[in-house]
2 protein chains.
Amino acid sequence: MLPFLSRADETMNANGRGIAQARETGTLGKLMVLLDLVTHADAPLRFTDILSLAGQPRGTLHRQLTHLVEEGLLELDGDGRYAPGLRLLDFAARSWARNEFRLIAEPHLADLQQATGETVHLGVLRGQSIIYLDKVEGRQPVRMYSQIGNASPCYCTGVGKVALSLLPAESLVDLLAGVNFTRFTAATHASPASLLAEIHEIADQGYAFDREEHEAGIRCVAAPIWSEDRTFLGGVSITGPAYRLSMELLAQWAVPVRQAAGRIMEGMRIRLGPRR
Amino acid sequence: MLPFLSRADETMNANGRGIAQARETGTLGKLMVLLDLVTHADAPLRFTDILSLAGQPRGTLHRQLTHLVEEGLLELDGDGRYAPGLRLLDFAARSWARNEFRLIAEPHLADLQQATGETVHLGVLRGQSIIYLDKVEGRQPVRMYSQIGNASPCYCTGVGKVALSLLPAESLVDLLAGVNFTRFTAATHASPASLLAEIHEIADQGYAFDREEHEAGIRCVAAPIWSEDRTFLGGVSITGPAYRLSMELLAQWAVPVRQAAGRIMEGMRIRLGPRR
DNA sequence: GTGAATTGTTCCATTATTTGGAACTGAATT
DNA sequence: AATTCAGTTCCAAATAATGGAACAATTCAC
């Protein structure tokens with residue numbers, strides 16, 4: 001297994017809940033915070049652990065957890081440890097299998113993988129995170145869920161940066177205001193200032209690199225996919241180890257990546273155009 | 001792609017929501033019903049579609065859907081169509097990656113796949129459904145989420161039947177009372193009566209076959225995994241096309257399948273035993 | 001292009017659910 | 001046996017959800 005596939009999730013915790021638009025009020029909102037807590041934990045949590053993390057009164061928390069367990073969103077084992085519920089898998093399997101964007105992109109991702117021999121990703125922006133919707137790899141059978149579904153920061157990934165480059169100025173400012181700039185490697189942007197400079201450049205050239213910014217030794221080149229009104233829909237990227245992907249090679253691959261993105265856009269227009 | 005991998009999900013709809021313990025009351029319960037409706041639909045639903053399916057007052061439904069969208073559990077596109085939200089993928093990726101049972105079973109599933117050359121599954125019982133937690137396949141790269149996370153009926157799958165065979169009599173009766181016996185093939189049990197007879201046999205011999213009961217042309221042999229007190233934890237199975245897997249071969253494979261199940265039980269005892 | 005029908009959204013007094021402090025049980029520790 | 005800690009239950013008060021009706025915005029028919 002290549003090193004970048006076994007990427008540990010600890011880095012993910014820095015995200016907090018960067019996916020939802022943050023609505024921690026209302027019955028559902030509060031329950032989702034709990035679900036986030038448990039799913040983001042490195043190990044199953046005891047009642048008391050959650051109590052200290054959630055800062056809710058004991059009685060309240062207990063009932064909330066009971067409800068989540070009753071719905072299959074959490075599971076409570078015999079030792080009183082709460083883990084994510086498997087019903088989530090069923091939901092996810094369905095949302096993935098029927099996702100129109102992914103279905104349209106799929107053949108083009110496969111073509112791009114064939115052309116370059118490296119790993120290809122499809123990602124979308126949700127909140128401040130990039131969620132990988134699909135991944136096409138060459139050699140080894142993919143350990144599913146290994147990357148798909150994972151949320152990564154937008155400020156240090158290729159897909160993330162092309163996403164930001166298409167955002168209207170004010171949305172960009174709003175989004176970055178909520179980002180916690182964790183320094184994953186020496187190359188990670190440490191502040192909005194340096195990031196913004198690169199974003200403008202990316203907006204001009206139409207593609208972005210990840211120069212080992214999220215993980216040492218891993219590079220990528222990404223291109224955006226947008227709708228008629230230039231709204232960002234998602235991004236395609238080619239990812240691989242730095243020893244194999246020189247910056248020169250990556251720069252050459254900007255062309256096929258953008259072509260693949262273009263074909264996906266074409267597919268979206270054919271499929272969705274008439275209805276809009 | 002082998003035919004049984006592209007199994008369409010229409011059959012799944014017969015399940016209804018067979019996963020949760022049915023708690024359609026309470027704020028969360030009502031919202032989960034909606035989430036189920038949308039995720040089980042064959043295509044994205046409009047507001048009015050959901051209105052007729054959910055049988056809620058317009059105002060109420062509208063607010064509920066708004067909340068689900070705000071939390072990222074549903075997505076509303078420009079055409080007013082509701083689709084499952086991608087935040088579910090993030091939740092699922094985490095619950096899968098850290099699932100202890102799956103992590104313990106993984107190497108033994110791989111061994112079994114190597115030994116037989118056929119597809120190996122790991123499934124657990126949730127409500128009246130079997131949820132596939134893992135899948136190890138030989139040749140082609142697995143299209144992830146293709147089977148993993150999918151819920152299948154318990155009365156016509158190998159893993160499902162070994163699950164039932166370990167249930168205490170009354171639990172079994174309760175569970176079957178809620179099952180809607182859909183006839184998928186000519187071999188599918190059409191009533192609890194014939195199923196119960198086979199269940200007793202399975203309890204005695206310690207393994208179960210699926211004789212093309214869920215899908216024509218697909219057979220499997222499965223063995224149960226249980227904890228110290230003989231509680232069913234999950235099942236391992238070898239699945240493949242009937243033309244390659246004669247019933248004789250399948251009967252021989254009952255041995256390695258049970259061995260794999262045994263090794264997983266051993267792993268569970270080592271990992272979890274001390275803590276209990 | 002106008003009017004009618006359908007679809008989607010907002011409002012607010014009523015109703016139902018959640019809240020959270022406190023009291024309670026049970027197990028582990030000293 | 002006494003004490004602490006983890007987990008559960010209870011119920012008046014606070015909060016959020018409900019749903020009917022009025023209001024917009026589309027779509028459709030003519």
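Below, read A as the first sequence line, B as the second, and so on, with proteins coming before strands; counting in each chain starts at 1.
Between B/K30 and B/T60 the shortest side-chain heavy-atom distance does not fall below 4.5 Å. With contacts defined as side-chain heavy-atom distances shorter than 4.5 Å, the pair B/Y82/B/D49 does not qualify. Residues B/L68 and B/V38 are not in side-chain contact: their nearest non-hydrogen atoms beyond the backbone lie 4.5 Å or more apart. Within the 4.5 Å cutoff, side-chain heavy atoms of B/S152 are placed close to those of B/Y132.
You'll find a donor-acceptor pair under 3.5 Å spanning the side chain of B/R58 and the base of C/dG8, going by distance alone.
Out of C/dT19, D/dA17, C/dT9, the shortest distance to the side chain of B/Y82 is found at C/dT9. Here C/dT9 is the nucleotide among C/dT9, D/dT18, C/dT18 with the atom lying nearest to any side-chain atom of B/F47.
Between C/dT6 and B/T48, no contact under 4.0 Å exists linking OP1 or OP2 to a side-chain N or O. In this structure, B/H62 reaches the C/dT9 phosphate: one of its side-chain N or O atoms is under 4.0 Å from OP1 or OP2. Contact annotation: A/T27 side-chain N/O to D/dA17 OP1/OP2 distance is under 4.0 Å. A/T60 has no side-chain polar atom (N or O) that falls below the 4.0 Å cut-off from OP1 or OP2 of C/dT19. Side-chain N/O atoms of B/Q64 include one lying less than 4.0 angstrom from OP1 or OP2 on D/dT18. Contact annotation: A/R46 side-chain N/O to D/dA6 OP1/OP2 distance is not under 4.0 Å.
Residues that satisfy the side-chain hydrogen bond (donor to acceptor under 3.5 Å, both in side chains) test with B/S171, not counting sequence neighbours, are absent from this structure. Residues that satisfy the ring-ring contact (aromatic ring centres under 6.0 Å, His included) test with A/F181, not counting sequence neighbours, are A/Y155.
Atom-to-atom, CD of B/E70 to P of C/dT9 comes out at 13 Å; the value is rounded to the nearest Å. Rounded to whole Å, atom C1' of D/dT8 lies 12 Å from atom CG of A/L65.
Atom CD of B/E266 sits about 11.0 Å away from atom CD1 of B/I104, to the nearest 0.5 Å.
Bending across the helix from C/dG1-D/dC30 to C/dT30-D/dA1, expressed as the angle between its end axes from five pairs apiece, amounts to 40° (10° rounding).
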